[in-house]
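Below you'll find the structure, written out as C-alpha cells, and then a few comments.
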Amino acid sequence: MSDRYEPRRIEIGWNEKWNQADLFRVVEDKSKPKYYLLEMFPYPSGRIHMGHVRVYTIGDVVARFKRMRGFNVLHPMGWDAFGMPAENAAQAAKVHPAKWTYSNIEAMKAQLKKIGYSYDWQRELATCDPRYYKWEQLVFLKLLKKGQAYRKKSQVNYCPDCETVLANEQVEQGACWRCGQEVVQKEQWGWFLKITDYADELLEWTEKLDWPERVLTMQRNWIGKSHGAAIKFPIVDPPQGFEDKVEVFTTRPDTVYGATFMSLAAEHPLALALAKKNGREAQVAEFQSRVAKQNVNERIAEGFVKEGVFTGGYCTNPMTNEKIPVYAANFVLLEYGTGAVMAVPGHDQRDYDFAVKYELPIVEVVRPDKEENRITNTGEAYTGPGVLVNSGPFDGLDFETAKIKIAEHFAERDLGGPTISYRLRDWGISRQRYWGAPIPVIHCPKCGVVPVPESDLPLVLPENVEITGIGGSPLAQVEEFVKVTCPSCGGPARRETDTMDTFVESSWYFDRYACPDQDGAMFDERVDHWMPVDQYIGGIEHAILHLLYARYWTKVLRDLGYIKADEPFMRLLTQGMVLRNLWECPTHGPLRGDKIVPAGPGQTPRCKHCDSPLTATGPKEKMSKSKGNTLDPEELVDLYGADTVRIFYLFAAPPEKEMDWSDEGIQGAQRFLSRVWRLAAENLEDLKATPDSWDSGLLQGRLKDLYRKLNQTIKKVTDEIEERWHFNTAVAAIMELVNEAYLTLADEKAKADPLFWPLLRKVVDKLLLLLSPMVPHIADELHTMLGGGGFLLEQPWPGYDPEATQADEIVIVLQVNGKVRAQALVPADIAEEELEKLALENDRIKKFKGDKPIKKLVVVPGRLVNVVV
RNA sequence: GCCGGGAUGGUGGAAUUGGUAGACACAAGGGACUUAAAAUCCCUUGGGACUUUGUCCCGUGCGGGUUCGAUCCCCGCUCCCGGCACCA
C-alpha cells in the first residue's frame, strides 16, 4: 500500500491478475443477451500509434460497460497481416515478410496488453495464416463456379521501370512513388468480383443502417445509381464485325431531338473501326495514343482541355432521322454507361463547349417558359426544367413527363428503353504481389482456366521467394509453385501468380472471430450466434473501400449459405483523427520530421541543426513521421500510466470529432486520477471502518446534497455512455462528483455528522464502479485496498435512486420580456399560481416591468417565469 | 460543380425536447503552505461601460425571420473541413 499514486506499479500487477484469472475470456452463453463489439483490426506495422490508442480505448470502455450491464460481450482482436509494408521490409532489411509480420504482431500484442484492453486473446487471428485464407480461397472457387468471379482485361496504372502495377494511391503526380518514372495506362488481365450484382441491395440497406450520415452518403455516391434510358442509334454504313447500332446511356432522354452528334470514348473500338472505313485512321489513332497517356490525375486536373476528333462516320438520330457525325472525345469514359454519349449541345455544357469548338449545330429542345430561348440568351447550355420544343409529337410536354414517354417510346421501337446505370465498378482483386493470399486457379493451355480442386486448399504461399520489388509478380519466379499439372487433363499447366487484394481478408475477419478454432469448416453455429456485429468502431478513412467490401462479402457468404446475416455492422462509429502541432526552430523556422531530434513525452524536441529547443506551431495536423509530430504511445504509458492515457483520450473530445493532442492536457488527466487516489487512500482507515447498513433518508444538508449528486452522476454517466457515446461529458460528470466529495470533506460540520463516513464510503464505492470501464487498473486497485474482493468488471453496473436525484429546492429564473432579471429559490413542488405570484411580487421584476400592462405570463414549471409587457 | 459535415471564451469542449450560454478541463494571473522548488489547496478569468463590489449593455461565423424566449427551428449568405467529380 502506498499513499502516492504510482500508476505503472499497480498497472503491471493488475494486468497479471486479469490474465491469470482469464477475465476476458468469453464463451457463448444463451442466458444473457449477446453484444458483439468490434474495433477495426490493425495492420501489424510493428508499433501501435496514437490513432490505435484512441479507437481501442473507446472500444474497451464500451466492452467493459456492456459486460457490467449484463451482456455477454464478444470483444476480439486480430491482425490484418498481409500487405505491402511487409514486402518493403523484406527488400530493405532482408527479412522474410512472414517473420517480420509475426514478430511485429508479438510486439504490438504486448503493447495492447500493457494498456489493459479487455480482449479475448483466445480468438486472436492473423489473416496471413493459411488456416484463415484457406476459406476465402474456397469462397473464390464458389464464386468462380457461379460466374461471379471472372477474368478480364482492364486499364491499370503501370510503372515501366519497376514492371509493376500501381494502385491509385501509389501514383504521385503522375509518377511512380518508388522510382519517379512516369506512370502509363496499360491493359492487363485480372480477376474481378461482381460486386455490381449487389449494387441495388447495397444501396437499399444504406437506408436501414445506424451509421454516420456522411459515411452512408459516401457509399451512396460511390454506388452512384442513376435512372435514365438506353437509346440505340443506327450506324450509317456500319463497319464489319460491328452491330448496326450503337447504344448510349442518357439521363435526359427528353432531349434526344437535340442530339446533333455523338461522342465515343477515345478507346472505344468503334471509333477506330469507323475511322479506318472513312480514311481517318491516322488522326484517330494519334488521338487514341495521346489520350492513353493522360492518366487519371491529369484528367481531373484543372484546365484539362476537352477535345475530340471526327471519326469520319455517321449515325442516325432515331427521332429526327438526321445524319449526325460521330466523334471520339477525351472526356467520354469507356467504363461508364456504354462508352458512348448522345451529344445534346443545347442542354449539356460539355456538349455545348464541344459543339462550339468544332462548329457543330446546337438545337433547342427544352425551354423554361413560352418566350425565352435560354441558350441563345445566355450563351451556354440550358440544363434546367422546362417544356419540350422542336420535338415533334412531344412538343409541349413537361420535361419530366417527356423523359418517361420518350424512354417508353424507344422500348416500343425495340431501340432501348428505361434503364439504370451505376458508377460502381466490379471489384478488381488481382495484385502482382507476394504477401497475399494466392488466387486458386490454374491456367492450362488445353483446358483454359481450371479451378484448384477444393480438396487441395489451402493453396499455401511458398516461402522461398526473392522479393526485389521489380519484375512483376514475385510468385512467377518460383518454378515449383508455377509449374503444375492440370487437374482436368493432367497435362503441363501454369499456376495463377496473382494474389488477392488484402481487402478480401478484412471483408470477413469479424465472422471468423466467432469460431477461429474451427478447422473443419469456415464457420460453425457460433457465427450466427454472434453476427451481426452490434457496434463497429474505426476510422473514417475506411468509409468506402473496407466498409463496402465487407458489406458485399457478407451478402456473398449469405447467398452461399454460410451465414444468416444480411449486413455485417448494424451500428458504426467513426472516430476522429488525432492531431498535433508541428514544430518550429527559432533560427531555422518550421521543420520537417527529419530535421527534428525527437524527445520523450513532456519534453521539448530539438533542432538537428542548432540544438535549440523547438516551439509548437499551428495549425494542428494528423500525426506523421514526415511532419515530425508523432508521439509514441508506449512512452506515454511508461511516463503517465495507461489509465491516465486512457482517460485523457476519453475526456479531450467526443469520439467522432478530431482530437488535438495537448501535452499539458494529459497532466490534467493525471492530476484528476491522483485526486481520486487520494480521496480513497488518505481516508482508508475511516472508510474501511464504516458500517454497511444505514438509512440514506436521514441525510441532511450538505450530506444530502452529496448523496443527490452521487445519484445524479450515476444517471448521467450511464446515459452518456449508453445513449450518447459522449465519454468526455461522462468524465466531466465524475470530476464534478469528486470535486463535491472533496468540498464536503473540507466542511468540518458535515464531517462531524455520524453519517459522513458511511456516505463517503458509498460515494467512493460507486465512483470506482463508474470509473472502472475507463481506468480499470486504478479502480480495481482502490477497490481492493478498501477491502473489496474480485474484479470490478464482474460486478453489476451501479443503479441509482431516481427519487434521490430530485432536489427539494430549485432555482427558478424570473424574466421580463425574455431577459433574465432575477432568480428565486423555491420548493421543487411549488404550484404554478404560487410561482406567478412570487414573480410579480419580486422587486427586481417590478422595477423592470414598470407600470406597463402585462400582455402575457409564461410559466415553464421547474424552469422559469417570463413576464411579457 | 454536386453531396455531406461544421463554425460557441486565450485553448479543448458543455448546454440531452426552443427555456439562466460558456459545465468540466487546459492555459494564464493572483494568493496560501514551504528556507526553496515540486506537489497540494484557495481565488479570478467571454467582451465592454459605469455613478466600480453591483448594476447596465453586447455576445454562440454574417444578415433577416418565426417565437414570450433561438447556439437549437426557417430563409438568404460567408468561410472551413471531408467525399465525389468531364458519370452523359
Side-chain angles (χ1 to χ4, degrees), chain A residues 4 212-222 224-226 228-229 248-252 255 259 262-263 265 299-300 304-306 329-333 335-344 347-351 353-354 421-424 540-541 543-544 577 618-620 648 651-654 656-669 671-672 674-675 678 716 719-720 723-724 726 728-739 742 746 811-823 844 854-869:
Chain A
R4 277 202 52 184
E213 196 51 42
R214 60 173 173 154
V215 177
L216 294 173
T217 307
M218 281 189 229
Q219 293 218 343
R220 287 180 199 127
N221 289 345
W222 190 263
K225 182 177 184 173
S226 63
V248 302
F249 172 75
T250 178
T251 55
R252 293 294 303 274
T255 63
M262 175 166 296
S263 305
R299 280 193 160 207
I300 61 171
F304 184 78
V305 190
K306 290 178 193 52
N330 64 347
F331 63 88
V332 179
L333 307 173
E335 314 90 64
Y336 183 74
T338 61
V341 183
M342 70 172 201
V344 185
H347 304 281
D348 180 284
Q349 193 57 44
R350 286 164 315 187
D351 295 343
D353 296 342
F354 198 85
S421 190
Y422 297 90
R423 210 187 77 88
L424 184 68
I540 187 76
E541 65 272 21
I544 295 171
M577 290 188 303
K620 308 218 170 184
F648 172 72
F651 182 60
E656 67 279 7
K657 281 200 69 161
E658 288 182 339
M659 193 195 107
D660 289 349
W661 178 260
S662 142
D663 292 307
E664 293 85 24
I666 193 160
Q667 287 165 37
R671 201 173 301 147
F672 167 66
S674 183
R675 267 165 75 79
R678 293 198 316 271
K716 169 106 179 157
D719 291 349
E720 293 291 319
E723 310 288 336
R724 303 211 311 151
H726 279 188
N728 55 330
T729 47
V731 175
I734 296 173
M735 286 175 170
E736 283 186 57
L737 177 64
V738 172
N739 289 346
Y742 266 100
V811 175
I812 293 288
V813 172
L814 307 179
Q815 299 179 326
V816 178
N817 287 345
K819 282 188 191 280
V820 180
R821 296 301 183 184
Q823 299 183 343
R844 285 184 46 84
I854 295 171
K855 277 204 332 222
K856 196 170 174 185
L857 203 59
V858 182
V859 180
V860 184
R863 294 251 183 216
L864 54 78
V865 181
N866 188 7
V867 183
V868 186
V869 296

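Letters go in sequence order (proteins before strands), and every chain restarts at 1.
- Looking at which nucleotide of RNA chain B each of Y742(A) and V868(A) is closest to, the 5′-most match is held by Y742(A).
- Of the candidates C84(B), G82(B), C68(B), the closest approach to any side-chain atom of I544(A) belongs to C84(B).
- Here V341(A) lies in heavy-atom contact (under 4.0 Å) with a base.
- No donor-acceptor pair closer than 3.5 Å links the side chain of N728(A) to the backbone N or O of A653(A).
- The separation of G9(B) from G22(B), taken at their P atoms, amounts to 14 Å, rounded to a whole angstrom.
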ask   = side chain to side chain contact (heavy atoms under 4.5 Å, CB included) between L216(A) and Q219(A): does it pass, once the steps are laid out?
value = CA-CA 5 Å; L216(A) 294 173; Q219(A) 293 218 343; 5.7 Å; no
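- K306(A) places its NZ atom 16 Å from the P atom of A85(B), with the value rounded to the nearest Å.
- In this structure, R252(A) does not reach the C87(B) phosphate: none of its side-chain N or O atoms is under 4.0 Å from OP1 or OP2.
- Taking atom P in both A21(B) and A27(B), the straight-line distance is 29 Å, to the nearest Å.
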task = Report, as a single string ordered 5' to 3', how protein heavy atoms within less than 4.0 Å touch nucleotides 6-28 of chain B: B base, S sugar-phosphate only, - not at all.
result = ------BSSSB--BB--BBSSS-
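- Here the shortest heavy-atom pairing between V248(A) and M262(A) reads CG1-CE, 3.7 Å.
- Nucleotides U16(B) and C72(B) have their C1' atoms positioned 12 Å apart, rounded to a whole Å.
- Atom name C1', nucleotides A23(B) and G46(B): the rounded distance is 15 Å, in whole Å.
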message = Show me the dot-bracket string of RNA chain B, counting Watson-Crick or G-U pairs under 3.5 Å, with | for pairs to another strand and [ ] for crossing ones.
response = (((((((..(((......[....))).(((((.......))))).(((((...)))))..(((((..]....))))))))))))....
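- Separating the NZ atom of K855(A) from the P atom of U67(B) is a distance of 11 Å, rounded to the nearest angstrom.
- Atom C1' of nucleotide G69(B) and atom CZ of R821(A) are separated by 13 Å, given to the nearest angstrom.
- Using modelled atom types, one side-chain atom of N866(A) and one backbone atom of G818(A) make a donor-acceptor pair closer than 3.5 Å.
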request  = Decide yes or no on side chain to side chain contact (heavy atoms under 4.5 Å, CB included) for V867(A) and R821(A), but give the supporting numbers first.
outcome  = CA-CA 10 Å; V867(A) 183; R821(A) 296 301 183 184; over 6 Å; no
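- Only the P atoms considered, G13(B) is 36 Å distant from A32(B), to the nearest whole Å.
- Between R423(A) and E335(A), no side-chain nitrogen of the basic residue sits less than 4.0 Å from a carboxylate oxygen of the acidic one, so the salt-bridge criterion is not met.
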key: I540(A) and V215(A): CA distance, side-chain angles, deciding distance, side chain to side chain contact (heavy atoms under 4.5 Å, CB included) verdict   = CA-CA 8 Å; I540(A) 187 76; V215(A) 177; 3.6 Å; yes
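- Distance CG (L333(A)) to C1' (A88(B)): 9 Å, rounded to an integer number of Å.
- Between G4(B) and R220(A), no contact under 4.0 Å exists linking OP1 or OP2 to a side-chain N or O.
- The shortest heavy-atom contact between V868(A) and N817(A) is CA-OD1, 3.4 Å.
- Glycosidic conformation of G9(B): syn, with the torsion inside 90° of 0.
- Atom-to-atom, CE of M577(A) to C1' of C81(B) comes out at 10 Å; the value is rounded to the nearest Å.
- Taking the side chain of M218(A) as heavy atoms from C-beta on, and the options G82(B), A88(B), C3(B), the nearest nucleotide is G82(B).
- Here K819(A) does not reach the OP1 or OP2 of U55(B): none of its side-chain N or O atoms lies under 4.0 Å away.
- Judged by distance alone, the side chains of N739(A) and R675(A) do bring a donor and an acceptor atom under 3.5 Å apart.
- Using P as the reference atom, G6(B) and C56(B) are 36 Å apart when rounded to the nearest Å.
- Atom C1' of C84(B) sits at a distance of 25 Å from the matching atom of C77(B), rounded to the whole Å.
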Candidate pair S226(A) and Y422(A), rule side chain to side chain contact (heavy atoms under 4.5 Å, CB included), full reasoning = CA-CA 6 Å; S226(A) 63; Y422(A) 297 90; over 6 Å; no
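- Nucleic acid contact for R423(A): base, since at least one base atom lies under 4.0 Å from a heavy atom of the residue.
- The distance between the ring centers of F648(A) and W661(A) falls below 6.0 angstrom.
- A distance of about 10 Å separates the P atoms of C41(B) and C26(B), rounded to the whole Å.
- In this entry the distance linking NZ of K856(A) with C1' of C68(B) reads 5 Å, nearest Å.
- Protein atom CG of N221(A) is 13 Å distant from nucleotide atom C1' of G1(B), rounded to whole Å.
- The listed nucleotides are C68(B), C3(B), C84(B); the one nearest the side chain of W222(A) is C84(B).
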So which protein nitrogen or oxygen atoms get under 3.5 Å of nucleotides 47-54 of chain B's nitrogens or oxygens?
none

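- Spacing between atom CD of E213(A) and atom P of G5(B) amounts to 6 Å, rounded to whole angstrom units.
- Aromatic rings from F354(A) and F331(A) are positioned such that their centres are separated by under 6.0 Å.
- The nearest pair of heavy atoms linking K716(A) to T729(A) is CE-O, 4.2 Å.
- M342(A) has its side chain out of reach of F249(A): every pair of non-hydrogen atoms, C-beta onward, lies at least 4.5 Å apart.
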